[in-house]
> 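So that we are looking at the same thing, I have put the structure below in structure tokens.
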Amino acid sequence: MRVVVVGQGYVGLPLAIRAAEVGHEVIGYDVDAGRVKSLAAGVSFVEDVSSERIAAAMENGTYRASDAARDCGGFDIAVVTVPTPLTDGVPDLRYIEESARTLARYLRPGATVILESTTYPGTTQELFAPLLEDGSGLTAGADFNLGYSPERIDPGNPVWGFKETPKVVSGVDAASLKAVQAFYAELVDTTVPVGSPKEAELAKLLENTFRHVNIALVNEIAMFARHLDIDVWQAIDAASSKPFGFMKFTPGPGVGGHCLPIDPSYLSWRVQRELGQNFRFVELANDINGHMPDYVTRRVMDAFNKQRRSVNGSRVLLLGLAYKKNTGDARESPSLRVSQLLLDMGAEVRAADPHVVETAAVDSRLVRVELTQQELAAADVVVLLTDHDAFDYDLVMAHASLVLDCRRRLSGPTIEVL
Ligand SMILES: NC(=O)c1ccc[n+]([C@@H]2O[C@H](COP(=O)([O-])OP(=O)(O)OC[C@H]3O[C@@H](n4cnc5c(N)ncnc54)[C@H](O)[C@@H]3O)[C@@H](O)[C@H]2O)c1
């Protein structure tokens with residue numbers, strides 16, 4: 001089949017390459033000409049998709065990246081994987097809307113359109129469908145298939161890749177569900193059908209809100225436990241020995257990425273708008289997780305205070321700018337906020353992260369460095385924010401005079417744990 005994947009980012013690229021590998025003729029359409037150019041040169045920026053896989057798919061003619069909308073023409077299946085950010089705290093669906101308008105121009109009877117972007121329940125049927133229908137003159141369900149299937153991609157996860165992770169699928173009617181399920185059944189081991197797009201949309205937000213809330217829970221406990229002189233990490237390990245009814249979450253410097261800081265607010269916005277009610281769990285989790293960078297900064301201040309020193313004028317080495325270990329994604333990363341707070345307080349802040357290449361979002365005052373013995377020795381404090389496996393932790397323990405370890409990766413007399 002001719003498959004168009006709209007958006008060639010962290011979600012769209014793995015999907016497009018997988019679809020090409022099972023034999024579809026895939027167009028990876030993206031409005032970002034720079035991204036398309038590098039993909040056309042066979043260069044991947046997503047950890048889970050090697051440049052070799054892109055090159056192989058291009059070579060056998062099953063994959064092509066394009067920034068020309070006309071290349072969307074003639075599709076049998078189109079999947080939309082464009083960003084869904086918050087703008088001024090409100091869901092910003094302009095990219096989904098643009099994608100719908102583009103696809104509507106090329107929509108033919110019998111084709112299938114699937115939305116994958118994370119969004120509030122109701123988007124597929126109330127916003128996406130009317131735009132497709134208006135632009136094409138066709139009716140969802142009657143003339144073309146329409147569905148929603150949330151993405152669960154976990155960048156850097158060595159066990160649960162695209163193929164192994166079950167995929168929730170839905171359609172606006174029985175025929176749409178059948179078409180959506182048939183498409184994904186070729187790509188992944190397990191598909192999980194639900195009654196309508198709304199359940200699939202909510203399932204995704206439930207998953208992310210669950211994570212957000214539980215991370216907030218352990219973060220709050222970590223802050224209390226320190227004042228109660230309790231080792232929270234030991235307590236978490238002990239609780240994790242329970243084989244049922246408990247799931248392990250660990251404290252950290254906050255949440256980042258495209259999902260946790262944003263997706264739960266899509267749900268709370270919808271609840272507030274439709275029902276006039278606050279989604280209190282989300283508000284609380286946003287509050288706690290959003291303030292973790294302040295807490296990390298506070299811990300740096302406390303550590304300096306014990307030495308009768310100030311943050312102002314001190315040299316701080318941050319380890320990890322990505323929001324998550326072993327990935328290069330620094331979007332919404334709490335590391336960026338920590339660095340900003342320390343810079344504002346007058347610290348000289350340096351940061352090492354072998355994975356993060358895009359520096360657009362990084363404060364221009366921040367100095368990017370390699371993790372070396374000299375950098376470690378020259379730092380007044382080292383703050384481990386993202387515990388990439390690529391860091392040489394023996395080197396850190398051997399040469400840093402003081403470390404604030406936000407991930408409990410290290411131990412020793414010079415290590416303070418969050
Ligand atoms: N990154 C993740 O781990 C992850 C996981 C699950 C779900 N999601 C969701 O998937 C969606 C996409 O996320 P992402 O991380 O892949 O984003 P991304 O920013 O990496 O990629 C999105 C791409 O879409 C392109 N784009 C924007 N508007 C377009 C348009 N009108 N036509 C064609 N291309 C367009 C952008 O140029 C960009 O390259 C979001 O809703 C996100 O919440 C992300």
Side-chain angles (χ1 to χ4, degrees), residues 4-17 27-40 43-49 65-72 75 78-87 91-106 113-120 123-124 127-128 131-132 135 148-157 160-162 165 167-168 200-201 203-209 211-212 255-267 322-333 358 360-361:
V4 167
V5 180
V6 181
Q8 288 295 276
Y10 286 88
V11 170
L13 184 61
L15 170 72
I17 297 301
I27 293 290
Y29 170 62
D30 202 298
V31 289
D32 181 339
R35 186 161 274 189
V36 167
K37 204 171 160 202
S38 65
L39 287 172
V43 179
S44 174
F45 59 95
V46 174
E47 291 86 359
D48 302 325
V49 179
S66 170
D67 61 355
R70 64 176 178 279
D71 284 330
C72 296
F75 71 82
V79 189
V80 173
T81 65
V82 294
T84 42
L86 286 172
T87 300
D92 180 353
L93 297 179
R94 83 180 89 157
Y95 305 103
I96 290 184
E97 291 168 0
E98 275 172 30
S99 305
R101 287 191 195 101
T102 302
L103 290 176
R105 305 211 303 264
Y106 304 102
V113 183
I114 306 165
L115 181 61
E116 278 212 9
S117 300
T118 307
T119 181
Y120 59 76
T123 306
T124 306
L127 178 111
F128 197 54
L131 288 170
L132 289 168
Y148 179 82
S149 178
E151 184 44 63
R152 285 172 164 165
I153 213 148
D154 187 17
N157 190 323
W160 295 101
F162 182 87
T165 307
K167 197 133 180 28
V168 173
E201 290 160 336
K204 174 69 188 173
L205 294 181
L206 172 60
E207 291 165 20
N208 283 354
T209 305
R211 243 188 108 60
H212 191 40
V255 293
H258 200 298
C259 296
L260 297 198
I262 294 168
D263 300 347
S265 298
Y266 264 67
L267 191 51
Y323 82 94
K324 189 174 178 193
K325 70 185 276 186
N326 302 338
T327 80
D329 190 353
R331 292 177 296 179
E332 312 280 335
S333 171
E358 283 180 37

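The basis for the numbers below is simple: all heavy atoms, side chains too, and nothing from hydrogens, waters or symmetry mates. Order of appearance sets the numbers: ligands from 1, and atoms from 1 within every ligand.
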> Tell me the contacting part of E116 for ligand 1: side chain, backbone, both, or neither, using a 4.0 Å heavy-atom threshold, strictly below.
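It is neither part, as no heavy atom is under 4.0 Å.
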> Inspect the surroundings of CZ in R211 and state if more than 12 heavy atoms from other residues, nucleotides or ligands are less than 6.0 Å away.
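No - once you tally the heavy atoms of other residues, nucleotides and ligands closer than 6.0 Å, there are 12 at most.
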> What distance do N208 atom CG and C259 atom SG have between them, rounded to the nearest 0.5 Å?
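Here the rounded value is 5.0 Å.
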> Donor-acceptor pair, D30 side chain versus Q8 backbone, under 3.5 Å?
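Yes; at least one donor-acceptor contact below 3.5 Å.
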> For atom 3 (O) of ligand 1, tell me which residue out of I96, I153, V11 has the closest non-hydrogen atom.
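Looking at heavy atoms only, the winner is I153.
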> Please check if the side chain of T81 supplies one atom and the backbone of E116 the other of a donor-acceptor pair under 3.5 Å.
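Judged by distance alone, no pair lies under 3.5 Å.
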> Do we see a donor-acceptor contact under 3.5 Å between the side chains of K167 and S149?
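A pair is found: one side chain offers a donor N or O, the other an acceptor, under 3.5 Å apart.
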> Please say whether E151 places an N or O atom under 3.5 Å from an N or O atom belonging to ligand 1.
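No; every N/O pair is 3.5 Å or more apart.
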> So, is D30 polar-close to ligand 1, with some N/O to N/O distance under 3.5 Å?
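Checking ligand 1 against D30, an N or O pair does fall under 3.5 Å apart.
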> Classify the contact between T81 and ligand 1 as side chain, backbone, both or neither, using a heavy-atom distance cut-off of under 4.0 Å.
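It is the backbone that touches ligand 1; the side chain stays farther off.
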> So which heavy atom in the protein is nearest atom 30 (C) of ligand 1, and how far is it from that ligand atom?
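Protein heavy atom at minimum distance: V31 CG1, 3.7 Å.
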> Geometry only, no angles: is Y323 polar-contacting ligand 1 at N/O separations under 3.5 Å?
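No, Y323 has no N/O under 3.5 Å of an N/O on ligand 1.
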> Could you say whether the N/O atoms of R331 and ligand 1 ever approach to under 3.5 Å?
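Looking only at distances, the answer is yes, because the N/O contact criterion of under 3.5 Å is met.
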> Tell me the nearest of S66, G7, P83 to atom 27 (C) of ligand 1, using heavy-atom distances.
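Considering heavy atoms of S66, G7, P83, the nearest to atom 27 (C) of ligand 1 sits in P83.
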> Is the shortest distance from a heavy atom of R152 to ligand 1 less than 4.0 Å?
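No heavy atom of R152 comes that close to ligand 1.
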> Identify the protein heavy atom lying closest to atom 9 (C) of ligand 1, giving its residue, its atom name and the separation to 0.1 Å.
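Looking only at protein heavy atoms, the one closest to atom 9 (C) of ligand 1 is T118 OG1, 3.3 Å.
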> For ligand 1, indicate whether the residue C259 contacts it via side chain, backbone, both or neither (heavy-atom separation under 4.0 Å).
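C259 to ligand 1: side-chain contact only, backbone stays beyond 4.0 Å.
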